[in-house]
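The next block holds one structure in the form of structure tokens; read it before the comments.
All values derive from a computational prediction rather than experimental measurement.
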Amino acid sequence: MAVDKANNNNMVHFLRSAELLKQGAEARVYRGEFLGKPTIVKERFPKLYRHPALDEKLTHRRTVQEVRSILRCRKAGISAPVVYFVDYTSHCIFLEDIVGSVTVRDYIISANISEAKHLEVLAQKIGEILAKMHDEDLIHGDLTTSNMLLKQGSGSAVADLVLIDFGLSYISALPEDKGVDLYVLEKAFLMRPTVELPGELTVTEGEEKTLLCKISRFYPRQISVVWLIGSSSSHEMAPISRGVCTAETEDVGNRTFSVSSRITVVANAMVNNGAKYVCMIKHRAYPQPHNRSLTLRVQDNKHSVWGKTQLVVAKEHNNTIFTCRVYHDSFHEPGYEDVTYHINIEGTPPSVMFINCDPPHPKVGEKCTLSLYLSDFCPEHVSVTWYRNSQQVHTGVFLSPPAFDVNGLYSLWSFLQLTPTGEDQGSVFRCLVEHSAQTEPEEREYTLNLQS
């Protein structure tokens, strides 16, 4: 015990003298010197919310697995940091500091057009290393371009590609687990488009107006833009074909692209006042189509006036009804009309639709998507959990960003993508929806029927 305490004191002293590089949810990373060599130290710290015995067991297991993964890589000829020392008491791993290296992410961002061939070679090198790692049944778990280092001054831009951060690694021969590595890596190369479209536009009766949606800084180049129209009182949308003009996609440098799409409308209070125009964008960086909407307001020549009051909402205001009384000579007796507003600080629970499957009857080995639509809820935070035969599903679950409508309520889609096997015939998929305004969670079920 005295020896362990002395070792812990020495480790604390060492870490205090080292440079803290970053801290994540699982560990702290330091830079220092160990036995005269530049060293990176990864310290897994205790999780106070876990039982101490359980925390010690999990932390020890993950530390051992990370070290084993690094050694497995090096044994297979894959460049990874040298492990200098492991302290299982403090859960610290002493690793080689790859001095003068740069992350693949930073290298790609800083590379210019003349280095395009280097990038092709780099991509091939990454693929070779990933294939070699998966041949060893090693799953990295966090295979991003930030967890790959390039040694500088090695004569070739990709001569030495080093994999780091095996904190989430594990051993598996399943193709699905190896596919997750590929999926994470693909997402690291994608750049999500920046979309600019005003949320609301006010025009006068009879005015011709161009609605412009600017889409920029995305990669890869392939992108699809479609305009839809709908009303604020309905969730149904219809595609627009007339008056739409989408420009050619432009290369704006730094391997990013931009495109603009416009639609010309004529303001008519009877036709498109309050209409919602949606620019729907399909791109590989989005797990599902991304919608950006604009609400059109059409003003006529009649007079209008605004009246408002401000207050700080407190708990005692819940269920309070505020009334705005408007007087005008055109009103019938008693000469005024009332407009009321009901304050509800407890929120509005979501309206939960039924689960749909696309295609309705998928084949074995054919990818399908289960979707669930939630609408008219507030506040925007909602929890959606998918289950397959009572077992929670994590892989393939996507949630669209909450869409805010003119009524002050939110809506969103939840998706579950899967490739069914023969064992999935008749499987029951359950979706659990939890929201702060609900009295109890809502569930929806769907039984998967595969084509024979």
(Q) If you compare all heavy atoms of Val226 against all heavy atoms of Ser224, which two are closest, and at what distance to 0.1 Å? (A) CG2-OG, 4.1 Å
Q: For the residue pair Cys357 and Pro362, establish whether any side-chain heavy-atom pair is separated by less than 4.5 Å.
A: yes
Q. What distance do Ser79 atom OG and Leu163 atom CG have between them, rounded to the nearest 0.5 Å?
A. 8.0 Å
**Q.** Polar side-chain atom of Asn147 near backbone of Asp142 as donor-acceptor pair, under 3.5 Å
**A.** yes
Result block: side-chain N/O donor-acceptor pairs under 3.5 angstrom for residues 165-186, not counting sequence neighbours:
residue: Asp165; atom: OD1; partner: Lys42; partner atom: NZ; Å: 3.1
residue: Asp165; atom: OD1; partner: Gly167; partner atom: N; Å: 3.4
residue: Ser169; atom: OG; partner: Ser69; partner atom: OG; Å: 2.7
residue: Ser169; atom: OG; partner: Phe166; partner atom: O; Å: 2.7
residue: Ser172; atom: OG; partner: Leu174; partner atom: N; Å: 3.2
residue: Ser172; atom: OG; partner: Asp177; partner atom: OD2; Å: 2.6
residue: Lys178; atom: NZ; partner: His134; partner atom: O; Å: 3.0
residue: Lys178; atom: NZ; partner: Asp137; partner atom: OD1; Å: 3.0
residue: Asp181; atom: OD1; partner: Gly141; partner atom: N; Å: 3.1
residue: Asp181; atom: OD2; partner: His134; partner atom: NE2; Å: 3.0
residue: Asp181; atom: OD2; partner: His140; partner atom: N; Å: 2.9
residue: Glu186; atom: OE2; partner: Arg284; partner atom: NE; Å: 3.4
residue: Glu186; atom: OE2; partner: Arg284; partner atom: NH2; Å: 2.4

**Q.** OG1 on Thr348 to CG on Asp376, rounded to 0.5 Å
**A.** 8.5 Å
Q.
Could you measure the distance from the CD1 atom of Ile40 to the CG atom of Leu21? Nearest 0.5 Å is fine.
A. 5.0 Å
Please report, to 0.1 Å, the donor-acceptor pairs under 3.5 Å made by any side chain of residues 70-78, with sequence neighbours excluded.
residue: Arg72; atom: NE; partner: Glu136; partner atom: O; Å: 3.0
residue: Arg72; atom: NH2; partner: Glu136; partner atom: O; Å: 2.9
residue: Arg74; atom: NH1; partner: Ala80; partner atom: O; Å: 2.6

Q. To the nearest 0.5 Å, how far apart are CG in Leu296 and CG in Leu211?
A. 6.5 Å
Q | Results of ring pair (Phe, Tyr, Trp, His ring centres under 6.0 Å) for Phe45 - residues two or more places apart only | A | none
Q | Heavy-atom pair with the smallest gap, counting every atom of Ala285 and Pro193 | A | CB-CD, 4.3 Å
Q) Are any of the side-chain heavy atoms of Val265 and Val203 separated by less than 4.5 Å? A) no
Q) When rounded to the nearest 0.5 angstrom, what is the spacing between CG in Leu432 and CD in Gln392? A) 9.5 Å
Q | Pairs flagged by ring-ring contact (aromatic ring centres under 6.0 Å, His included) wherever residues 273-299 is involved - sequence neighbours left out | A | Phe218-His283, Tyr286-His290
**Q.** By side-chain hydrogen bond (donor to acceptor under 3.5 Å, both in side chains) - contacts of Gln288 (at least two apart)
**A.** none
Q. Think Arg430 forms a cation-pi with Tyr387, using NZ or CZ under 6.0 Å from the six-ring centre and within 45 degrees of its axis?
A. yes
Q. Around atom CZ of Arg292, are there more than 12 heavy atoms of other residues, nucleotides or ligands at under 6.0 Å?
A. yes
(Q) Going by salt bridge (charged side-chain N to carboxylate O under 4.0 Å, His left out), name the pairs with one or both residues in residues 259-269, residues two or more places apart or in two chains. (A) none
Q: Compare all side-chain heavy atoms of Cys431 with those of Thr385 and state whether any distance is below 4.5 angstrom.
A: no
Q.
List the residues meeting side-chain hydrogen bond (donor to acceptor under 3.5 Å, both in side chains) with Thr246, not counting sequence neighbours, and say none if there are none.
A. Ser261
(Q) Per the side chain to side chain donor-acceptor pair (under 3.5 Å) rule, what does the pair list look like for residues 350-372, sequence neighbours excluded? (A) none
Q | Those residues that, when tested against Ser427, pass side-chain hydrogen bond (donor to acceptor under 3.5 Å, both in side chains) (two or more places apart) | A | Asn389
Q. Residues two or more places apart in sequence or in another chain: which of them pass side-chain hydrogen bond (donor to acceptor under 3.5 Å, both in side chains) with Asn272?
A. none
Q: Of all the heavy-atom pairs spanning Phe429 and Ile355, show the shortest one and how long it is.
A: O-CD1, 4.1 Å
(Q) If you count heavy atoms of other groups shown closer than 6.0 angstrom to OH of Tyr446, is the number above 12? (A) yes
Q: Compare all side-chain heavy atoms of Ile223 with those of Ile281 and state whether any distance is below 4.5 angstrom.
A: yes
Q: Inspect the surroundings of CD in Glu19 and state if more than 12 heavy atoms from other residues, nucleotides or ligands are less than 6.0 Å away.
A: yes
**Q.** Val104 vs Leu161, side chain to side chain contact (heavy atoms under 4.5 Å, CB included): CA-CA, chis, key distance, verdict
**A.** CA-CA 9 Å; Val104 170; Leu161 183 65; 3.6 Å; yes
When the side chains of residues 51-58 are checked against the rest of the protein, which donor-acceptor pairs come out under 3.5 Å, sequence neighbours left out?
residue: His51; atom: ND1; partner: Ala53; partner atom: N; Å: 3.1
residue: Asp55; atom: OD1; partner: Lys47; partner atom: N; Å: 3.2
residue: Asp55; atom: OD1; partner: Arg50; partner atom: NE; Å: 3.2
residue: Asp55; atom: OD1; partner: Arg50; partner atom: NH2; Å: 2.8
residue: Glu56; atom: OE1; partner: His91; partner atom: NE2; Å: 3.1
residue: Glu56; atom: OE2; partner: His91; partner atom: NE2; Å: 3.4

Q.
Checking Met148 against Ile126 for the side chain to side chain contact (heavy atoms under 4.5 Å, CB included) test, could you report, in this order, the C-alpha distance in whole Å, the side-chain angles of both residues, the deciding distance, and whether it holds?
A. CA-CA 9 Å; Met148 301 177 188; Ile126 293 173; 3.8 Å; yes
Q: Mark yes or no for whether Ser400, through its side chain, and Trp413, through its backbone, hold a donor-acceptor pair below 3.5 Å.
A: yes
Q | Contact check, side chains of Leu374 and Val384, non-hydrogen atoms, under 4.5 Å | A | yes
Q. Which atom pair, heavy atoms only, marks the closest approach of Ala437 to Pro349?
A. CB-N, 3.5 Å
Q) side-chain hydrogen bond (donor to acceptor under 3.5 Å, both in side chains) between Glu66 and Thr63: does it pass, once the steps are laid out? A) CA-CA 5 Å; Glu66 181 168 3; Thr63 303; over 6 Å; no
Q) Below 4.5 Å, heavy atoms only, C-beta onward: do Arg388 and Asp424 meet side chain to side chain? A) yes
Q) Can you name the salt bridge (Lys or Arg N to Asp or Glu O under 4.0 Å) partners of Arg221, sequence neighbours left out? A) none
Q | Donor-acceptor side-chain pairing of Trp386 and Ser414 below 3.5 angstrom | A | yes
**Q.** side-chain contact (heavy atoms from CB on, under 4.5 Å), paired with Ile263, selected from Thr210, Ile229, Leu212, Val244
**A.** Val244
(Q) Could you tell me if the side chain of Val433 sits less than 4.5 Å from the side chain of Val382, heavy atoms only? (A) yes
Q | 4.5 Å side-chain heavy-atom contact, Ile98 and Glu96 | A | yes
Q.
Is it true that, when you exclude Leu48 itself, more than 12 heavy atoms of the residues, nucleotides or ligands shown sit nearer than 6.0 Å to its CG?
A. no
Q: Identify the two heavy atoms, one from Thr103 and one from Ser146, that lie closest to each other, and give their separation to 0.1 Å.
A: CG2-O, 3.8 Å
Q.
Distance check, rounded to the nearest 0.5 Å: Glu43 atom CD versus Cys92 atom SG?
A. 4.5 Å
Q) Which pair of non-hydrogen atoms, one from Val259 and one from Ala247, has the smallest distance, and what is that distance? A) CG2-O, 3.2 Å
